[in-house]
Amino acid sequence: MHKVVSVDMERDILEANRRLAEENSKILKEHGVASYDFLGSIGSGKTLLIQRIIERLKEKGVRPGVIAGDVSGNDDYLRFISMGVPAVNINTGKECHLDAHLLDHALEELPLDDIDVLFVENVGNLVCPADFPLGTDMRVVVISVTEGDDMARKHPLIFREASVAVINKIDLAEVMEVDPRTIERDILRIKPSIKCIRTDAKHVQGVDQLMGALGLEP
């Protein structure tokens, strides 16, 4: 009985999240905001990649905004604020992912009429966020070569839920004895239609290609 109740509760939670995600999507579209949910482990390089894209967008006169999600703290939020872009910090406490309800509240704090592109940096985790779409236009998974060449094989669901996969820190591939081609092959086996981009955010390599994959021409 307990197992049946637990399954039903999980279905209810996921369905409620799906409905809220649809509402978030509607709100963003009404304001003409393109939106991207960045997923990935802590240290994969999500924050720096978003910053690199923001730099280019600002040069073009495109107005970015950010929602930074973490279990606790505001380190990433402060990095975005220092760039002069509107941002909201979300601390989830014990939760290992953002959900559509949290995003809904964050959207209320943003000047959506002054934002053209919204980046959501999800909590650093490759498991929990997969089940909780937020209502963004795209989901982007970022992994780095420092995490090993088996990350995609160990976390297939999150790649199935994404439109773009980023293999970051390729400048460290040789020293880590990791072949990015192996990671890319694994990702494409999981989801043949996904776009795979290799980047070195620190040295600004592959950022233009990533922007192209997101529909944000550099």
Side-chain angles (χ1 to χ4, degrees), residues 14-40 44-58 60-69 76 80 85-88 90 97-123 125-126 128-143 157-168 187 190-197 199 201 206-218:
L14 295 179
E15 176 59 22
N17 185 84
R18 185 192 63 77
R19 290 196 301 268
L20 281 171
E22 290 175 352
E23 289 299 315
N24 290 340
S25 176
K26 182 179 177 181
I27 291 168
L28 290 166
K29 285 179 169 58
E30 286 174 350
H31 288 272
V33 178
S35 53
Y36 304 89
D37 181 12
F38 273 66
L39 314 164
S44 61
K46 301 187 299 296
T47 306
L48 186 54
L49 277 172
I50 294 171
Q51 287 184 293
R52 294 303 193 198
I53 297 172
I54 286 174
E55 290 169 352
R56 281 163 164 69
L57 292 178
K58 291 184 71 175
K60 297 168 56 180
V62 178
R63 303 169 299 174
V66 184
I67 295 171
D76 295 340
F80 295 125
V85 300
V88 173
I90 299 178
H97 59 85
L98 296 180
D99 60 30
H101 178 70
L102 289 171
L103 189 78
D104 175 37
H105 285 294
L107 292 179
E108 293 175 353
E109 299 182 39
L110 284 171
L112 294 179
D113 288 331
D114 298 325
I115 295 174
D116 300 311
V117 180
L118 177 66
F119 299 99
V120 180
E121 183 178 7
N122 218 308
V123 177
N125 191 297
L126 281 173
C128 304
D131 288 329
F132 291 86
L134 305 178
T136 56
D137 294 322
M138 278 192 193
R139 306 189 89 182
V140 183
V141 180
V142 181
I143 58 174
L157 180 57
I158 204 158
F159 290 95
R160 293 192 190 107
E161 297 298 320
S163 301
V164 177
V166 181
I167 304 170
N168 193 31
I187 293 171
I190 295 165
K191 186 173 183 179
S193 63
I194 201 169
K195 297 177 182 178
C196 280
I197 309 294
T199 62
V207 177
D208 288 346
Q209 289 84 350
L210 174 56
M211 290 181 68
L214 299 180
L216 302 170
E217 297 304 327

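Counting from 1, the numbers follow the sequence of the chain as shown.
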- Query: Would you say Asn168's side chain and Ala201's backbone share a donor-acceptor pair under 3.5 angstrom?
  - Reply: yes
- Below 4.0 angstrom, N of the basic side chain to O of the carboxylate: do Arg18 and Glu22 qualify? yes
- Please step through side chain to side chain contact (heavy atoms under 4.5 Å, CB included) for the pair Thr199 and Ile167, ending with a clear verdict. CA-CA 6 Å; Thr199 62; Ile167 304 170; over 6 Å; no
- Nearest-0.5 Å distance, CD1 of residue Ile54 to CG of residue Leu48: 10.5 Å
- Nearest 0.5 Å, what's the NE2-CG distance between His105 and Leu110? 13.5 Å
- Message: Asp116 and side-chain hydrogen bond (donor to acceptor under 3.5 Å, both in side chains): which single residue from His31, Lys60, Arg63 fits?
- Response: Arg63
- Mind listing the closest non-hydrogen atom pair of Leu39 and Asn122 along with its distance? CD2-ND2, 3.4 Å
- Sidechain-backbone polar pair: Lys46 side chain, Gly40 backbone, donor-acceptor under 3.5 Å: yes
- How long is the span from the CZ atom in Phe159 to the CD1 atom in Ile187, to the nearest 0.5 Å? 4.5 Å
- Query: Would you call Lys29 and Asp137 a salt bridge, taking side-chain N to carboxylate O under 4.0 Å as the test?
  - Reply: yes
- Item | Heavy-atom pair with the smallest gap, counting every atom of Ala21 and Ala100 | N-CB, 3.5 Å
- Item | CA sep, side-chain torsions, deciding dist, call: Leu118, Val66, side chain to side chain contact (heavy atoms under 4.5 Å, CB included) | CA-CA 6 Å; Leu118 177 66; Val66 184; 5.5 Å; no
- Between Asp131 and Leu14, is a side chain to side chain contact (heavy atoms under 4.5 Å, CB included) present by the stated rule, with each step listed? CA-CA 7 Å; Asp131 288 329; Leu14 295 179; 4.0 Å; yes
- Task: Enter the distance from Phe119:CZ to Thr136:OG1 here, rounded to the nearest 0.5 Å.
- Result: 11.5 Å
- Message: Show the nearest heavy-atom pair for residues Gly206 and Ile197, with the distance to one decimal.
- Response: O-CG2, 3.8 Å
- Note on the structure: For Ile50 and Glu121, the nearest pair of non-hydrogen atoms, with its separation, is CD1-CB, 4.0 Å
- What orientation do Phe132 and His97 show, parallel under 30°, tilted 30 to 60°, or perpendicular over 60°? parallel
- Message: Could you tell me if the side chain of Val85 sits less than 4.5 Å from the side chain of Ile115, heavy atoms only?
- Response: no
- Message: Tell me the closest heavy-atom pair linking Asn24 and Leu134, and the distance in Å.
- Response: ND2-O, 3.0 Å
- Where do Tyr36 and Ile53 land on the side chain to side chain contact (heavy atoms under 4.5 Å, CB included) test, with the steps shown first? CA-CA 12 Å; Tyr36 304 89; Ile53 297 172; over 6 Å; no
- Interatomic spacing from NZ in Lys191 to CZ in Arg160 - rounded to 0.5 Å: 10.5 Å
- Query: Is there a side-chain contact between Asp37 and Val140, using heavy atoms and a 4.5 Å cut-off?
  - Reply: no
- Calculate, to the nearest 0.5 Å, the distance between atoms CG and CD1 belonging to Asp76 and Ile67 respectively. 14.0 Å
- Would Asp99 and Asn17 count as having a side-chain donor-acceptor pair, cut-off 3.5 Å? no
- Item | Minimal non-hydrogen separation, Arg56 against Met211, with atom names | CD-SD, 3.3 Å
- Sorted by chain and residue number, the salt bridge (Lys or Arg N to Asp or Glu O under 4.0 Å) partners of Glu23 (sequence neighbours excluded) come out as none
